[in-house]
Amino acid sequence: MRDCLLVLSGGLDSTTMLYEYKERIALCVSFHYGSNHNDRELHFAALHCERLHIPHRIVRLPFIKDLFRSSLLAGDDAVPEGNYDEQNMRSTVVPFRNGIMLSIAAGLAENEGLQYIMLANHAGDHSIYPDCRPAFVEAMDRAVEAGTYNGVRLLTPYTMLTKTDIARKGILLGIDYSETWSCYRGGEHHCGKCGTCRERIEALQQAGIEDKTIYQL
């Protein structure tokens, strides 16, 4: 039964969720909010939806870049190099990004008569992004259920998983992760130096996956 809407970025995590739950996903929604890497990641989001014959919508949110400050919105040079940790990655926070996107996704799910919104937040994000933490997800779940006629709920099965755990799922699903995008700089190829690239490289190595991604190292 296709009862879910998936928030799909085109990154490793949400693409894994797309393939794991493809039999339940009725609609994918991606958001173009003016980040450095939006065009790169949404290319892959569209590719996988087309491949799986799942409807895909892109919602443009230009006001985010106009109103908010983040290195994700300020050009590739603004994105820090180094480890994926709170001190280094704090500048990449886009204020309440998931809250804004989930609000729109809730309206779409209600409009389409779907019961669940899926979000691929994971444990590696907890220290950096407040809108990926369990407390946020639980509160948003209650708000969305209360605010929709059909009681839409959030499904976030990766909340307590690491990126390595997610990549291990990809092995069983046969996903080619070179057809996903992680780099926050959004160049022609992954930079290999920013926090998200380093997290990606480490996760694929730890999962024992041959990394076919092209890096500019």
Side-chain angles (χ1 to χ4, degrees), residues 6-23 25 27-58 71-72 75-85 88-89 92 94 97 101 118-125 128-129 132 157-158 161-217:
L6 172 65
V7 178
L8 178 67
S9 70
L12 185 153
D13 311 312
S14 62
T15 300
T16 304
M17 186 169 283
L18 171 65
Y19 279 86
E20 182 175 6
Y21 292 91
K22 63 184 179 181
E23 302 301 329
I25 296 169
L27 174 66
C28 291
V29 60
S30 302
F31 295 93
H32 197 299
Y33 56 97
S35 74
N36 306 324
H37 62 302
N38 256 163
D39 291 334
R40 293 295 185 189
E41 63 182 0
L42 294 190
H43 163 76
F44 289 114
L47 181 150
H48 291 291
C49 286
E50 181 177 0
R51 185 173 292 168
L52 295 176
H53 306 290
I54 294 175
H56 179 225
R57 296 181 187 174
I58 296 176
S71 60
L72 260 62
D76 59 349
D77 290 340
V79 176
E81 295 182 1
N83 294 330
Y84 192 81
D85 55 39
N88 192 48
M89 298 298 288
T92 66
V94 178
R97 178 181 60 178
M101 294 178 179
M118 303 198 75
L119 183 71
N121 59 305
H122 66 87
D125 290 335
I128 305 167
Y129 304 108
C132 289
Y158 294 175
L161 300 183
T162 66
K163 205 174 196 77
T164 300
D165 294 331
I166 296 169
R168 289 192 179 112
K169 288 178 174 286
I171 297 173
L172 302 177
L173 295 166
I175 297 172
D176 179 358
Y177 282 123
S178 69
E179 295 182 329
T180 63
W181 190 268
S182 299
C183 181
Y184 278 171
R185 290 185 167 173
E188 183 178 357
H189 302 295
H190 284 71
C191 75
K193 297 178 180 179
C194 71
T196 47
C197 278
R198 292 181 65 165
E199 182 200 33
R200 173 193 180 95
I201 291 168
E202 181 179 295
L204 294 179
Q205 286 178 344
Q206 291 179 349
I209 298 173
E210 179 186 359
D211 191 353
K212 300 178 182 178
T213 309
I214 298 174
Y215 299 99
Q216 294 176 343
L217 289 170

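Note that this is a predicted model, so its numbers are computed, not measured.
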Engineer: Going by heavy atoms in the side chains, are N121 and Y129 under 4.5 Å from each other?
Structural biologist: no
Engineer: Ignoring hydrogens and geometry, is there a side-chain-to-backbone donor-acceptor pair from N36 to S71 under 3.5 Å?
Structural biologist: yes
Engineer: Which residues satisfy the side chain to side chain donor-acceptor pair (under 3.5 Å) test with T15, sequence neighbours excluded?
Structural biologist: none
Engineer: Distance from L119 atom CG to L8 atom CG, nearest 0.5 Å?
Structural biologist: 11.0 Å
Engineer: Would you give the length of the straight line joining atom NE2 of H56 to atom CG of L47, rounded to the nearest 0.5 angstrom?
Structural biologist: 11.0 Å
Engineer: Working to the nearest 0.5 Å, report the span between CD1 of I209 and OG of S178.
Structural biologist: 11.5 Å
Engineer: Where does the angle between the aromatic ring planes of F44 and W181 fall among parallel (under 30°), tilted (30 to 60°) and perpendicular (over 60°)?
Structural biologist: parallel
Engineer: For N38 and Y33, which heavy atoms make the closest approach, and how far apart are they?
Structural biologist: OD1-N, 2.7 Å
Engineer: Between H48 and Y19, what is the ring plane arrangement, given parallel below 30°, perpendicular above 60°, and tilted in between?
Structural biologist: perpendicular
Engineer: Between L18 and I54, is there a side-chain heavy-atom distance shorter than 4.5 Å?
Structural biologist: yes
Engineer: Any side-chain donor-acceptor pair under 3.5 Å between D165 and T162?
Structural biologist: yes
Engineer: With the side chain counted from C-beta on, respond yes when H53 and K22 share a heavy-atom pair under 4.5 Å apart, and no when they do not.
Structural biologist: no
Engineer: Do you know which two heavy atoms are closest between T16 and Y177, and how far apart they sit?
Structural biologist: OG1-OH, 2.7 Å
Engineer: L161 and K169: which non-hydrogen atoms are nearest, and at how many Å?
Structural biologist: CD1-CE, 3.6 Å
Engineer: Output the distance between atom OG (S182) and atom NZ (K163), rounded to the nearest 0.5 Å.
Structural biologist: 5.5 Å
Engineer: Can you confirm whether E188 sits close enough to R40 that some side-chain heavy atom of one is under 4.5 Å from a side-chain heavy atom of the other?
Structural biologist: yes
Engineer: Starting at CG of L72, measure out to OG1 of T92 and round the result to the nearest 0.5 Å.
Structural biologist: 5.5 Å
Engineer: Looking just at side-chain N and O atoms, do Y184 and S35 make a donor-acceptor pair shorter than 3.5 Å?
Structural biologist: no
Engineer: Might you point out which heavy atoms bring L204 and L12 nearest each other, and give the distance in Å?
Structural biologist: CD2-CD1, 4.0 Å
Engineer: Would a 4.5 Å heavy-atom cut-off, applied to side chains only, mark H189 and T213 as touching?
Structural biologist: no
Engineer: If we only count heavy atoms from C-beta on, is the P157 to M17 side-chain gap below 4.5 Å?
Structural biologist: yes
Engineer: Taking atom CD1 of I25 and atom CG of L6, what is their separation to the nearest 0.5 Å?
Structural biologist: 4.5 Å
Engineer: Determine whether R51 and E179 make a side-chain contact, defined as any pair of heavy atoms from C-beta on separated by less than 4.5 Å.
Structural biologist: yes
Engineer: Restricting to non-hydrogen atoms, name the atom on P80 and the atom on R185 that form the minimum distance, rounded to 0.1 Å.
Structural biologist: C-NH2, 4.3 Å
Engineer: What is the minimum heavy-atom distance between C191 and C183, and which atoms define it?
Structural biologist: N-SG, 3.4 Å
Engineer: Between D39 and H32, does a side chain to side chain contact (heavy atoms under 4.5 Å, CB included) hold up when you go through it step by step?
Structural biologist: CA-CA 8 Å; D39 291 334; H32 197 299; 2.9 Å; yes
Engineer: Counting distance only, does the side-chain N/O of R200 pair as donor-acceptor with the main-chain N or O of H190 below 3.5 Å?
Structural biologist: no
